[in-house]
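Working notes, beginning with the structure itself.
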Amino acid sequence: MKILGINETTHDAAVCLIEDGEVLFAAHAERYSKQKNDWFTNDSLISNALSYGKPDQIAYYEDYWLKKLRIARHGGFGGGKPYYKSSPLLKGIPVKSFKHHYSHAAAGYYTSQFSNAVIVVLDAIGELDTSSIWIGNGDKIKLHKKWGYPFSFGLFYSAFTDLIGLKANEEEYIMMGMAAYGDPYKYYDKVSEYFPAVYRQKYNFHSGITDWGQEITEQDKFDIAASVQQIYEERLWDFMYIARQELPSRNLVFMGGCALNSKANTLLWDIFPNVWIMPNPGDAGSALGAAAALYGKHLNWQGPYLGHDLGGEYPVDKIVNALIKDKIAPVASGRAEYGPRALGNRSILADPRDPNIKDKVNLIKKRELFRPFAPVVMEEYASEWFDMDYTSPYMQYTPRCLKPKLIPSVVHADGTSRVQTVNVWQHSGLYSVLENWYEKTGVPVLLNTSLNVKGQPLLNDLDDVDLWEKTYASHILRN
Ligand SMILES: [Fe+2]
């Protein structure tokens with residue numbers, strides 16, 4: 001049976017097609033509509049999914065009516081009519097809906113290798129639930145505990161994102177990056193009052209921070225970001241530690257938008273010996289989650305390269321030559337990544353040894369100059385270059401860099417790096433590039449950033465590649 005999972009109406013709409021435990025296709029709406037964080041699906045996305053077969057069932061990622069009711073009572077955004085209901089491509093296909101947090105839990109647990117796990121879901125808000133703990137056992141997922149609106153880790157973080165002038169529900173990752181440039185103790189006490197203990201918040205963050213009461217200078221923004229990140233990490237640590245004490249499993253599955261905070265994720269390894277965060281833990285991953293919830297069993301998870309297929313072999317030689325000659329290699333090849341990170345198929349790779357490369361790539365991408373870049377490293381050398389004894393195939397953790405002088409362009413101001421580890425099974429082409437690069441330079445690391453400009457989605461298809469080449473007069477490598 002083919003199941004089409006759908007997530008839409010709030011942010012980051014996506015679809016995912018599965019059949020008998022195989023993920024056939026999964027992609028984000030924004031890559032087709034070119035509207036960043038697009039709330040709704042569209043027919044070009046749906047028809048790309050349907051080129052892998054017509055679904056027998058649709059699985060929707062949340063309870064539409066319950067969410068509508070919550071928005072009517074408590075406010076918030078989203079809740080418009082899902083596009084798929086009027087798409088001519090999906091007429092007459094039966095629909096089953098799942099609860100928002102259950103879809104998150106299913107996306108995480110059913111893509112994991114675990115036969116038992118503590119599943120933690122933390123986000124801003126689903127229908128009414130904001131935090132939940134589930135127990136995975138065999139193919140069963142059972143609710144352990146939940147917390148409802150207004151208590152919310154995600155709303156806390158988003159409200160401060162808004163306070164410092166960024167876009168809530170979209171630019172939390174920028175605030176996380178800014179935290180490294182601020183003093184976490186300057187506003188520690190003040191921020192702490194908003195979230196004084198793990199299950200306790202004095203404030204409903206849904207309408208933002210309305211009582212900060214003092215002017216915010218440019219430096220304040222960095223100091224507030226640092227204090228918020230610090231408080232968030234301390235409360236998260238307590239939350240996870242209690243979950244670890246309460247439940248017997250040593251395996252953690254962490255899902256929901258909060259699992260996108262790679263800096264905080266790093267501390268999970270101090271609490272649980274095994275951690276799995278699916279590469280798309282936010283709402284976009286719940287397209288897969290809803291489909292998996294309906295399937296009700298573990299999926300045969302092969303990795304995040306599930307979107308639009310550009311075909312062709314990975315252009316290994318072209319990339320290595322470009323890196324040696326120009327130090328920068330934009331590449332578009334194979335299937336697009338499902339998830340927010342470019343993990344090699346829609347990436348700009350660059351020489352991390354050159355301290356000036358960061359500014360050059362930031363100029364290409366039109367990003368703020370403080371924004372850090374991430375390294376991709378051969379898995380077997382990861383612990384030699386970064387303070388880590390785990391793998392990070394989807395750039396979800398930020399260990400300390402152990403050789404910052406050798407790869408200055410992929411080290412953040414606080415000495416950490418958001419690492420992607422890669423082995424030959426994960427991505428044989430990207431692994432080959434690294435192997436070649438290591439042979440020539442003695443460095444098993446490259447800079448890896450997404451192939452897009454600020455505020456725009458990742459490049460997806462051939463038209464996007466052509467447009468990029470014409471607009472920026474820069475050649476993208478492909479076979
Ligand atoms: Fe969510």
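We count residues from 1, following the sequence as given. Indexing begins at 1, ligand by ligand and atom by atom, following the structure's order.
Its N, O or S atom nearest to the Fe ion (ligand 1) is what matters here, and for D283 that atom is OD1. Distances from the Fe ion (ligand 1) to each N, O or S atom of D123 single out OD2 as the nearest.
At a threshold of 2.8 Å, the Fe ion (ligand 1) has no backbone or side-chain N, O or S atom of H101 nearer than that distance.
Classification of the Y188-Y185 ring pair by plane angle, with boundaries at 30° and 60°, yields tilted. The aromatic rings of Y102 and W134 are tilted relative to each other, their planes meeting at an angle between 30° and 60°.
Salt-bridge formation is not detected for the pair D20/K2: no Lys NZ or Arg NE/NH1/NH2 atom is positioned less than 4.0 Å from an Asp or Glu carboxylate oxygen.
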### E8/Y60 under side chain to side chain contact (heavy atoms under 4.5 Å, CB included): CA gap, chis, key distance, verdict
CA-CA 9 Å; E8 59 180 326; Y60 192 62; 4.1 Å; yes

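Atoms NE2 of H100 and NE2 of H104, as seen from the Fe ion (ligand 1), are separated by an angle of 100°, to the nearest 10°.
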